[in-house]
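See below for the structure under consideration.
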Amino acid sequence: MLPPLQIAPMSPIISIKNLSKTYATGFTALKNINLDIRAGEIFALLGPNGAGKTTLIGTICGLVGASEGTVTVGGHDITRDYRAARSMIGLVPQELHTDAWESPWSTASFSRGLFGKPKNLAHIEKVLKDLSLWDKRKSQIITLSGGMKRRVMIAKALAHEPQILFLDEPTAGVDVELRKAMWDVVRELRASGVTIILTTHYIEEAEEMADRVGVINKGEIVLVEEKAKLMQKLGRKQLKLHLQDKLTAIPASLAAHHLDLSADGGELIYTYDTKGERTGITALLNDLSSAGVRFNDLNTTQSSLEEIFVSLVHQQ
Ligand SMILES: Nc1ncnc2c1ncn2[C@@H]1O[C@H](COP(=O)(O)OP(=O)(O)OP(=O)(O)O)[C@@H](O)[C@H]1O
Ligand SMILES: [Mg+2]
């Protein structure tokens, strides 16, 4: 038996220090990664194809050997203390490889056994029910739909009651409805205390789910930030004024506001910085009124995480 874990409340559940990975081909997929994952959070790792997301997950899970640096999981070094570290982790890999002829029930039970955990029928039952797989528990996996197979992989990853769950592109190729259902499953897991690290290409997914967002590009972590702060910090807002009468040009007296006029002349667009001390909106509205420009509606939009992400990746 292992002694109970003594982790201070604020200490990270995963700690990655100076981690680099160079594959046998000579290709360096991870460059000096430093990252802490907090217990109980949903951390979304974003990055383009080939950025190193799967390599990073594989290294933390002990499937890929690090070339340099250290990783600890719950205080256990992933190489020296592999079994203890790995038993805290559930992994749903990017590539689905389910045992076609097995049933959800047997594949989950078997996986639990692999981690040396004693049988716990009630736990397997709960996992299968939570993932809406109970009705299919005895069906051969080959007869299930793609979305169901994905949920079987999650059930398998949760069978040994891990405290950390990695989801490598959990909703790739999954329809909108099922994606929302998966998000609910992930939120419920988090509510039950599981720390979740997910990779995704769907910015919407990170925007919807994550407590923190990390962006990886060409093997380097280029940003880690609270999602809310990120949206606020990098967010620029646009104020759109729907004009009563279309304009053919922006009146000269409004030049200082750097407005844009929509192609049809029906909308004036004002872009401002939400961080700025002054948004300039009051002055703009005064000047519009003096210029005799009237509008019958207005709305604001905030730049999305998607725009932030694209600009970050292109900057590099
Ligand atoms: N076994 C390997 N041998 C050599 N190079 C590899 C190996 N596995 C991955 N790579 C390379 O490392 C880089 C990172 O790959 P990785 O799979 O981690 O990217 P990813 O961010 O998960 O991409 P995707 O979004 O497409 O899943 C890629 O350039 C890839 O070709
Ligand atoms: Mg990948």
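Ligands are counted one by one from 1 in listed order, and the atoms in each one are counted from 1 as well. All values reported here derive from a predicted model rather than from experimental measurement.
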Check your understanding: Under a 4.5 Å side-chain heavy-atom rule over Ile, Leu, Val, Met, Phe, Trp and Tyr, are F295 and L239 clustered together?
Key -> yes

Check your understanding: Is it true that L298 and V293 fall in one hydrophobic cluster, defined by side-chain heavy atoms closer than 4.5 Å?
Key -> yes

Review point. Which ligand 1 atoms, with their elements, are less than 4.0 angstrom from a heavy-atom of E169?
Key: 25 (O)

Practice item. Spell out, yes or no, whether L285 and L261 are grouped together once hydrophobic residues are joined by side-chain heavy atoms under 4.5 Å, including indirect joins. Key: yes

Practice item. Below 4.0 angstrom from a heavy atom of T54, which ligand 1 atoms are there? Numbered from 1 as shown, please. Key: 17 (O), 18 (O), 20 (P), 22 (O), 27 (O)

Practice item. Could you check H257, Q238, K237 and say which one makes a side chain to side chain donor-acceptor pair (under 3.5 Å) with T271? Key: Q238

**Study point:** Under-4.0 Å heavy-atom contact between protein and atom 3 (N) of ligand 1
**Key:** yes

Practice item. Would you mind checking if E41 and K227 are paired as a salt bridge, meaning a charged N to carboxylate O distance below 4.0 Å? Key: no

Point to revise | Within one Ile-Leu-Val-Met-Phe-Trp-Tyr cluster: L30 and L63, side-chain cutoff 4.5 Å | key: yes

Exercise for review: Return yes if some donor-acceptor pair links the side-chain N/O of D99 with the main-chain N/O of W101 below 3.5 Å, else return no.
Suggested key: no

**Study point:** side chain to side chain contact (heavy atoms under 4.5 Å, CB included) assessment of I14 paired with F43
**Key:** CA-CA 11 Å; I14 298 176; F43 187 91; over 6 Å; no

**Study point:** Those atoms of ligand 1 less than 4.0 Å from some heavy atom in T25
**Key:** 4 (C)

Revision key, fill the gap. Counting only protein N/O/S atoms, those under 2.8 Å from the Mg ion (ligand 2) total 2

Revision key, fill the gap. Numbered in order shown, the ligand 1 atoms found under 4.0 Å of a heavy atom of N49 are 23 (O), 24 (P), 25 (O), 26 (O)

Practice item. Name the option, out of A29, G26, A51, that contains the heavy atom nearest to atom 12 (O) of ligand 1. Key: A29

Check your understanding: What is the nearest protein non-hydrogen atom to atom 25 (O) of ligand 1, stated with its residue, atom name and distance?
Key -> K53 NZ, 2.7 Å

Review point. Going by an N to O cut-off under 4.0 Å, is there a salt bridge joining K117 and E161?
Key: no

Point to revise | Salt bridge flag under 4.0 Å for residues D211 and R190 | key: yes

Practice item. Start with the C-alpha gap between D77 and V71, add the side-chain angles, then the distance that decides, and say whether side chain to side chain contact (heavy atoms under 4.5 Å, CB included) holds. Key: CA-CA 6 Å; D77 183 281; V71 180; over 6 Å; no

Study note, to complete from the structure: Looking only at non-hydrogen atoms, the one of T55, L46, T28 nearest atom 15 (O) of ligand 1 is T55

Check your understanding: Does the protein put a heavy atom under 4.0 Å from atom 30 (C) of ligand 1?
Key -> no

Revision key, fill the gap. protein heavy-atom neighbour closest to atom 27 (O) of ligand 1 works out as Q94 NE2, 2.8 Å

Point to revise | Electrostatic pair D130:K126 at N-O distance under 4.0 angstrom | key: yes

Check your understanding: Can you tell which of G47, A24, G50 gets a heavy atom nearest to atom 28 (C) of ligand 1?
Key -> G50

Review point. Considering only protein heavy atoms, which is closest to atom 5 (N) of ligand 1, and at what distance to one decimal place?
Key: Y23 CD1, 3.3 Å

